[in-house]
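Right, one structure below, let's go through it.
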Number of protein chains: 2
Amino acid sequence: MQIETIIQEKKLKLTAARKEILELFIDSQKPLSYDDIKESISMDKATFYRNISKFETESILHSFESNDKKRYYEITGTPHAHFICKECNSIECLEESINLKIKNHTVHDILIKGICQKCMG
Amino acid sequence: MQIETIIQEKKLKLTAARKEILELFIDSQKPLSYDDIKESISMDKATFYRNISKFETESILHSFESNDKKRYYEITGTPHAHFICKECNSIECLEESINLKIKNHTVHDILIKGICQKCMG
DNA sequence: TTATAAATGCAACTAAGTCGCAATTAAGAT
DNA sequence: ATCTTAATTGCGACTTAGTTGCATTTATAA
């Protein structure tokens with residue numbers, strides 16, 4: 001996944017901030033919140049959120065609200081469900097796809113909440 | 001569902017605030033946030049949240065974070081999944097139960113996000 | 001190289017929820 | 001019926017995630 005290609009396809013300006021954000025999300029194996037990466041990035045949080053928002057409207061990233069009042073973002077790729085641990089707030093991507101249809105509704109995302117292996121002890 | 005029975009079973013004091021909260025949630029057909037009901041209740045928000053928190057530890061209510069940074073609460077009854085519309089943020093209780101097991105994880109809740117019938121136009 | 005629309009940093013703001021503390025109250029004991 | 005006391009309440013100040021207005025800077029295309 002080439003950052004410059006992504007940016008050019010959507011006709012966005014390639015700024016240092018955008019490069020930083022996309023590098024982080026492309027390398028990450030799981031969704032990240034602003035809080036997760038604020039130490040690793042050099043831009044202001046307004047810049048972060050404005051870019052994230054643009055990336056979302058361009059479908060480069062998508063997001064969901066977790067159990068900890070934070071929004072988590074990930075690169076839009078193969079759709080998959082997420083497991084959120086109510087105890088430690090960790091998030092796992094579930095690879096086995098869940099095929100779920102609800103009539104008169106378009107399903108985009110599935111979040112499963114519960115207790116993860118670590119927290120079950 | 002009798003409010004006095006619920007309160008007595010958990011050995012809590014029956015206060016006016018608790019009565020108000022439980023009445024609202026027992027009558028509601030869907031999960032409610034503080035914002036949904038703040039006009040209808042007479043207590044301070046600290047009191048609301050402290051009681052909600054107690055009701056959650058007593059398993060009288062349970063809650064989840066929706067797509068709009070608000071936490072939604074509902075009476076603990078028959079387990080069911082929720083559909084959250086990403087566009088209008090409405091929440092529906094899904095009655096057909098979804099049987100989902102993930103090895104090494106305890107599943108408590110399922111949230112399905114997408115677009116509801118109204119918003120599909 | 002320049003023009004300009006878009007992007008940035010900063011500071012001030014919003015909104016959901018939390019916390020400390022003094023005053024009040026439910027419920028059991030007298 | 002009243003007293004006692006731990007639990008509950010209201011208030012105000014605080015926290016934290018995210019947003020907004022505005023002056024300055026910068027990527028791109030002419």
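First the proteins, then the strands, lettered A, B, ... as listed; each starts at 1. Just so you know, these numbers use all the heavy atoms, side chains as well, and skip hydrogens, waters and symmetry mates.
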Rounded distance in Å - CD (A:Gln8) to P (D:dA27): 14 Å
A:Asp44 and A:Thr47: side chain donor to acceptor below 3.5 Å: no
DNA chain D: 5'-proximal contact among A:Lys38 and A:Arg50 (nearest heavy atom): A:Lys38
ring-ring contact (aromatic ring centres under 6.0 Å, His included) partner of A:Tyr34, the single match among A:Phe48, A:Tyr72, A:Phe25: A:Phe48
Test item: side-chain donor near acceptor, A:His80 and A:Glu74, under 3.5 Å: yes
Whole angstrom value for the distance that separates C1' of D:dT9 from NZ of B:Lys19: 17 Å
Presence of B:Thr47 side-chain N/O under 4.0 Å of D:dT8 phosphate oxygens OP1/OP2: no
Integer-rounded Å distance: D:dA6 C1' and B:Leu14 CG: 17 Å
Value rounded to 0.5 Å, distance of CG in A:Leu22 from CD in A:Glu4: 11.0 Å
Of the listed nucleotides D:dA27, D:dT9, D:dG10, the one nearest the side chain of B:Asn51: D:dT9
Separation of atom NZ in A:Lys54 from atom P in D:dA27, rounded to whole Å: 16 Å
Hydrophobic cluster membership, B:Ile84 vs B:Ile112, 4.5 Å side-chain cutoff: no
Co-members of B:Ile115 in a cluster of I, L, V, M, F, W and Y side chains, linked at under 4.5 Å: B:Met120
Angle of first-five versus last-five pair axes in the helix from C:dT1-D:dA30 to C:dT30-D:dA1, to 10 degrees: 30°
B:Lys45 vs A:Lys45, nearer the 5' end of DNA chain C by closest nucleotide: A:Lys45
Along DNA chain C, first and last positions that approach a heavy atom of chain B under 4.0 Å: C:dA16 to C:dA27
Phosphate-side-chain proximity, A:Tyr49 and D:dG18, N/O vs OP1/OP2 below 4.0 Å: yes
Value in whole Å for how far the P atom of D:dA27 lies from CE of A:Met43: 14 Å
Neighbour count >12 (heavy atoms, 6.0 Å) for atom NZ, B:Lys10: yes
Donor-acceptor pair between A:Glu56 and A:Ser63 side chains, under 3.5 angstrom: yes
Between P of D:dC11 and CZ of B:Phe48, the distance in whole Å: 17 Å
Between D:dA17 (C1') and B:Lys70 (NZ): distance, integer Å: 15 Å
Nearest-neighbour nucleotide for the B:Asp44 side chain, D:dC11, D:dA27, D:dT8 considered: D:dC11
Derivation of the ring-ring contact (aromatic ring centres under 6.0 Å, His included) call for B:His62 and B:Tyr73: CA-CA 6 Å; B:His62 63 115; B:Tyr73 311 93; 9.6 Å; no
Atom pair distance, as rounded to whole Å: CD in B:Glu65 and C1' in D:dT16: 13 Å
Pairwise 5' ranking along DNA chain D for B:Lys11 and B:Lys69, keeping only the more 5' one: B:Lys11
Euclidean distance, B:Ile37 CD1 relative to B:Leu32 CG, rounded to 0.5 Å: 6.0 Å
